[in-house]
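Here is the structure we will look at.
Reminder, nothing fancy here: chain letters follow the sequence lines and each chain counts from 1.
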Amino acid sequence: MSITEQRPVISKLEQQELRRLLAENKRIDGRSPLQYRSISVQLGYVEKAEGSALVELGNTKVLAAVKVGIAVPFADTPNEGILIVNAELVPLASPTFEPGPPSEESIFLSRYVDRSIRESKTIDLSSLCIVPGRSVYSLYVDLYILDYDGNLIDASVIASVNALGITNMPKYVVEGQAIKRTDEYFKLELKDHPVSLTYAFLDDKYVVDPCLSEEYASDFTVSMTVKSDDRFCAIQKNGGGMISPRRVIELLERSVELGKELRTVAYRQLTGGNG
Amino acid sequence: MSITEQRPVISKLEQQELRRLLAENKRIDGRSPLQYRSISVQLGYVEKAEGSALVELGNTKVLAAVKVGIAVPFADTPNEGILIVNAELVPLASPTFEPGPPSEESIFLSRYVDRSIRESKTIDLSSLCIVPGRSVYSLYVDLYILDYDGNLIDASVIASVNALGITNMPKYVVEGQAIKRTDEYFKLELKDHPVSLTYAFLDDKYVVDPCLSEEYASDFTVSMTVKSDDRFCAIQKNGGGMISPRRVIELLERSVELGKELRTVAYRQLTGGNG
Amino acid sequence: MSITEQRPVISKLEQQELRRLLAENKRIDGRSPLQYRSISVQLGYVEKAEGSALVELGNTKVLAAVKVGIAVPFADTPNEGILIVNAELVPLASPTFEPGPPSEESIFLSRYVDRSIRESKTIDLSSLCIVPGRSVYSLYVDLYILDYDGNLIDASVIASVNALGITNMPKYVVEGQAIKRTDEYFKLELKDHPVSLTYAFLDDKYVVDPCLSEEYASDFTVSMTVKSDDRFCAIQKNGGGMISPRRVIELLERSVELGKELRTVAYRQLTGGNG
Amino acid sequence: MGENITLFSEDGKRTDGRALDELRPIKIKVGVLSNAQGSAYIEQGKNKILAAVYGPKEALPKHISLPDRCILRCRYHMAPFSTTERKSPAPSRREIELSMVLRNALEPLVMTSLFPRTVIDIFIEVLQADGGTRCAGLTAAVLALADAGIPLKGLAAACAVGKADGKIVVDLNDLEDKYGEADMPIAYNPTLDGITLLQMDGIMSKEEVEQALSLAITATQKMHKMQVDALRERFSVQRRET
Amino acid sequence: MGENITLFSEDGKRTDGRALDELRPIKIKVGVLSNAQGSAYIEQGKNKILAAVYGPKEALPKHISLPDRCILRCRYHMAPFSTTERKSPAPSRREIELSMVLRNALEPLVMTSLFPRTVIDIFIEVLQADGGTRCAGLTAAVLALADAGIPLKGLAAACAVGKADGKIVVDLNDLEDKYGEADMPIAYNPTLDGITLLQMDGIMSKEEVEQALSLAITATQKMHKMQVDALRERFSVQRRET
Amino acid sequence: MGENITLFSEDGKRTDGRALDELRPIKIKVGVLSNAQGSAYIEQGKNKILAAVYGPKEALPKHISLPDRCILRCRYHMAPFSTTERKSPAPSRREIELSMVLRNALEPLVMTSLFPRTVIDIFIEVLQADGGTRCAGLTAAVLALADAGIPLKGLAAACAVGKADGKIVVDLNDLEDKYGEADMPIAYNPTLDGITLLQMDGIMSKEEVEQALSLAITATQKMHKMQVDALRERFSVQRRET
């Protein structure tokens, strides 16, 4: 059962301070409402993974790693590779993350990232078939949250796409009934460069890329994933509260604009500076 | 570990009232001690299941649904189909049902229903073999308790047998090594029409088909499943307390009598009025 | 997560008493510091297992039973049989053992016993291959702790080796693609007779084969498994506290000496009196 | 996905004969269970869904309670027989996510500050699934809350909108859900002009999302009326009974 | 089941040479473990079963306790090596059911109102199984309770009766259990003329159940005597020790 | 294991070019996470390991606390991508054992009696594994404890020694771990001359264990210096920051 979450008590004073600042279009860390934090991306952080990226978004640290394997395809998609996204809210990242089976937050996070990649068709899964109905590539994208200062979703999408973007795929050859791994590799091809934009709402004001104290103070957040062609492939309101249709439309516009900028920064190393 | 159950506290007054009534051969809802509640059976309630029945026994509501599949037979019965009974005490049915893995009550219920069907040979499992040792039909009988006002066992047996009685079996044909589903169907044949009779005991008095407050007030219950030929295929004392051998013999007699009546009512729609 | 264990409170008086005795090289049950308790071994206790032994070490009772089966070998050892050691701290043995999935203590115990057998090559796993890569023998060694008065490790190693030492292996023959069990049996051959020696430390004094109250009072224990050729195949410090390198070297010497004695006693029935 | 499924007939009607902005037939009944404090049943297309509410009641263990308001617990669950292939009764990752999404969508409707230190349990059981179960489940759960006599800021109804074969449609059925381009479930309260549930899967442009949003608002307003009717019927029955 | 197993020899003896109403050889020992407050061991045929009792002790967490009496916790468990095929040590559905059935059969024997707010733990471990384990386990558990010094309303012994190859037999062995027509485990207290455990699987007519019941009563009365002897031996040993 | 792996080149160097008593390159950084009270990162060969400490904080539920000292909780965990084959994120039996072994090795270093009724949580995450992870994890965890400002009786560093192709070597790499004859992880505090972690797998004679032990002491003393340097750097950075 899902149960009302217990957020760490933010002192009334701190919440009031955030309100006061927002009224003046200011934020606790000096950013303007629609300003993103600085992003650093370290590609290939884990050599044992076929692809990996360590992303720092302010103090939020997310490590994404891709493991490539061979698997039997699902019965309803015999010609498609398998993509599995798994997120671990590692307890060293925050006093609120507990060891144990995946929490609803981690399931929610991994499913949102999964949708952002899958629906945008960033990976052409039909290109990952080796023998139809029998052998396909499997891509495990493991998200490891190492330090939590808000906005895990956007950081995780960026980390996943970067890790996929440098993934080396071992080549296999079919020999009769057997499938043999060769020494050759090929690069996994990205068909899109989606970015997620997350907004935190407090009293009908909002900021993009909330830090942790903004997330805790907020009524709810809205995340929107934008493809390179400015279309949307995932939207999600998260948390209680209500949003007016007018505000949703406003966010769609914001996300197209902000998405362009973010894409350039987030995938600079993949694209050589061209988003 | 099994632990002494915590029944909702029935006020001493209410229990005294039940005792007083019983002394006069009366019951809290106006029935006589050996009177069953009214039964309503709605066949085919869930169209996506191959067979289903919603049974209302007073305020107790049980939905049984049969899903038909293909499976590898168990090693020790290579020529027999597979029958699995599973009961869910859905939390919306009662404040005492909790979400989570099957409780001992739900395991007990499903195992009793399983025995009632299996031991009575209501289904001829050997008729459900497609290719010996390789492919047999599997019948999943899922019991869903939707509203709980006592006597789940009797209601569940009635719901299961009704659901099985209208189950449409897809026909399969063997083509070389493969097994192919056809568009044709056949009716699952019932070899018997077992009914369970449950008695609740309070101070050596007993009533049949206890409602919830009678169940809570009782020392224990005894359930007996009777086949169409008046023989017994399952008996179970449930709960603490002691019963004398003389009383057991008395219940056997009662169950044969009451079973005849109940069978006619419970399976009227299956048999066209002849039990 | 592993959490600091809560030992039953030993009264300060009792711990002081142990200290006082140790200062005089005495122990609570009259033994000298390097004296082992008496050992009784009952071979073949469980007839349904292919090998079994009930070992009593003072009041500690451990039942080991070996079940032999056929399995697919692990991918990285296609020519080797499978050995699995599992320990159950059965709740009837102690008020501190709880029903449920294996505790860290039981995992630790089974892994230490596993190492003692595996690293000493007591069983030649390569002799347990039937068809390479397809069919090998599997040996399940189940340890059942029935009464707990300290030193489970040493008792469990003795019980396991004794049970393996009398294990009857059913013979299989390969007929084309199939593997058929015959009526013949052969004896599992032991290549070694390892024994574990466990020492409990209190204030830099130590005793071998601690009973339960000594275990609870101790700072930590050290276990060492010695092979028949006096070499070591497993060492483990267990519990908090520090041990000096000098003491470790002293224990190595002790274990070689004591191991010889213990081996003779523990495996008398297997070897006809010659360790 | 990849298969050649046609989602529209030549006359522009959908696979089940509906127009683009037409809801499936809906049947709602409030107060259908005897033990629950509040309950409701909905049929929408072939969806058959029960919702039940227990509470407010003491929150146990105490550390889950909040000093200034009541907390909600919510379980969205699909019966093993609700889908074409039998589903394991253990909660899937999807069910865990939807339990959270639905709790978040219901919480802003409840006047939680009236019942500090208590808990309200909401159970949603999908007996038969036909696309749009989370939305139909929410529509029923809101009514179960009202039936339980829990003070609400307002009702909300939910409906999936989306895109199928290039067209924006309302209340997607199972086929459109599976083979369409996008699915956007929305819960909307018309009085407060507030969206409490908003998700989107698939691909839509900004303009398409806007168009879908507008369809959703009209559709949920229609459903709102059915909710009110169902409550009215419930209370008139009760009145007759007393 | 379908196989041609003959359960009787030509002279009317059972597969293990017994007469219809004859019990298997039984060996009982009370007080066999050092840590448990009470314990007992039983061999019945090839069954080897240990029972141990801890308590009465404080019931924790408190919310499981009852203000007017002690509660019981009971675990029936089979060792992985107790059966022909190795059994997983995780409790099966059968073991969960039997833990409940045995708790219900033991509870009426214990004077629970003497120890409010406490708990008694009963552990039954089947080391080797040979048909009728629940009954032999109960016979041992009752003795473990007595050995723990817990006041009982009386002892009870248990025995399976049933039908094999058309005949009513007592104390079914593994073969009769598997290939017979019916199995009816019964626990009986002769002093109070009370049955505390009653189950039946398989097919029997009313008359056959009655006949089996009568055999069970005679058999459990014999076992009752063995229980008393085993307790007497236990207490005489203790007296000698002191 | 049966395969013909050569662990030494003709000039007596190890597979990665090291001498017998030579450590792999080690990189240590203290204070690398923002939320944890203390943290440290270590690279040793291709091992990449993070350790973080939370506490001392109130021990909840209360019954786990101790009246005279603080308790420790410890989790050693390997990331799914840390090994060549993807590892399930659920803790394996090995991880459960090592969590206990590491807790036991850390506990004697902490002045636990200063913080009665509290708990300290220690998390060790292996991001990439290359042999000797428990030792490198311990070396980092000790620093994370120090970084958290928790009073320690002393630092300790850990290192595996063992036997490969007949030779006693220090700081086994992945290949030596897999194909060598013995592996002996040791944590040592040079000031108190105390070993807090001692394990051995594989086969060694008494003399070989002694020799390995002596190598381990020298190696951990070297690592001790690196620990001190890393702490010094951390505190000088903090000083610069203020």
> Do C:S2 and F:Y76 meet the criterion of a side-chain donor-acceptor pair at a distance under 3.5 Å?
Replying inline: no
> Which region of F:H77, side chain (C-beta onward) or backbone (N, CA, C, O), has a non-hydrogen atom less than 4.5 Å from a non-hydrogen atom of chain C, or is it both or neither?
Replying inline: neither
>> Just by distance, no angles: are the side chains of C:Y36 and C:D154 close enough, under 3.5 Å, to form a donor-acceptor pair?
In response: yes
> For the candidates F:E107, F:M184, F:R75, which exhibits the highest count of non-hydrogen atom pairs separated by less than 4.5 Å from chain C?
Replying inline: F:E107
> Of the listed residues (C:E104, C:E105, C:R111), which shares the most heavy-atom pairs with chain F below a 4.5 Å separation?
Replying inline: C:R111
>> Which one wins on heavy-atom pair count under 4.5 Å against chain C: F:L197, F:I64, F:L192, F:V101?
In response: F:I64
>> Are there residues of residues 229-243 of chain C whose heavy atoms fall under 4.5 Å of chain F's heavy atoms? If so, which?
In response: C:R231, C:F232, C:C233, C:A234, C:I235, C:Q236, C:K237, C:N238, C:G239, C:G240, C:G241, C:M242, C:I243
>> So that I can tick it off, tell me whether C:R247 and C:E250 are bridged by a salt bridge, with the cut-off set at under 4.0 angstrom between side-chain N and carboxylate O.
In response: yes
> Where does F:F123 contact chain C at under 4.5 Å (heavy atoms): side chain, backbone, both or neither?
Replying inline: side chain
> In terms of side-chain geometry, is the basic nitrogen of F:D121 or F:K57 positioned less than 4.0 Å from the acidic oxygen of its partner?
Replying inline: yes
>> Just to be sure I understand the criterion: a residue of residues 205-220 of chain F counts if one of its heavy atoms is under 4.5 Å from a heavy atom of chain C. Which ones qualify?
In response: F:S205, F:K206, F:V209, F:E210, F:L213, F:I217
>> Using 30° and 60° as the class boundaries, would you call the ring planes of C:Y148 and C:F97 parallel, tilted or perpendicular?
In response: parallel
> What distance do F:L33 atom CG and F:E125 atom CD have between them, rounded to the nearest 0.5 Å?
Replying inline: 10.5 Å
> If you round to the nearest 0.5 Å, how far is OG1 of F:T191 from CD of F:Q221?
Replying inline: 9.5 Å
>> Looking only at side-chain N and O atoms, does C:T225 offer a donor or acceptor that is under 3.5 Å from a partner on C:S116?
In response: yes
> Can you check side chain to side chain contact (heavy atoms under 4.5 Å, CB included) on F:L152 and F:L155, steps first, answer last?
Replying inline: CA-CA 7 Å; F:L152 301 178; F:L155 300 179; 4.1 Å; yes
> Quick one: what part of C:V248 sits under 4.5 Å from any heavy atom of chain F, side chain, backbone, both or neither?
Replying inline: side chain
> How long is the gap from CG on C:L18 to OG on C:S218, to the nearest 0.5 Å?
Replying inline: 9.5 Å
> C:T122 and C:D192: side-chain donor and acceptor closer than 3.5 Å?
Replying inline: no
> Taking F:I96, F:L72, F:L66, F:L102 one by one, which has the highest count of heavy-atom pairs under 4.5 Å against chain C?
Replying inline: F:L72
>> Is F:R103 close to chain C through its backbone or its side chain, or both, or neither, when contacts mean heavy atoms under 4.5 Å?
In response: side chain
>> Does any backbone or side-chain atom of F:S65 lie under 4.5 Å from a heavy atom of chain C? Answer side chain, backbone, both or neither.
In response: backbone
>> Side chains of F:R69 and F:T112 only: does a donor on one sit below 3.5 Å from an acceptor on the other?
In response: no
> Do C:E119 and C:K121 meet the salt-bridge criterion of a basic N to acidic O distance under 4.0 Å?
Replying inline: no
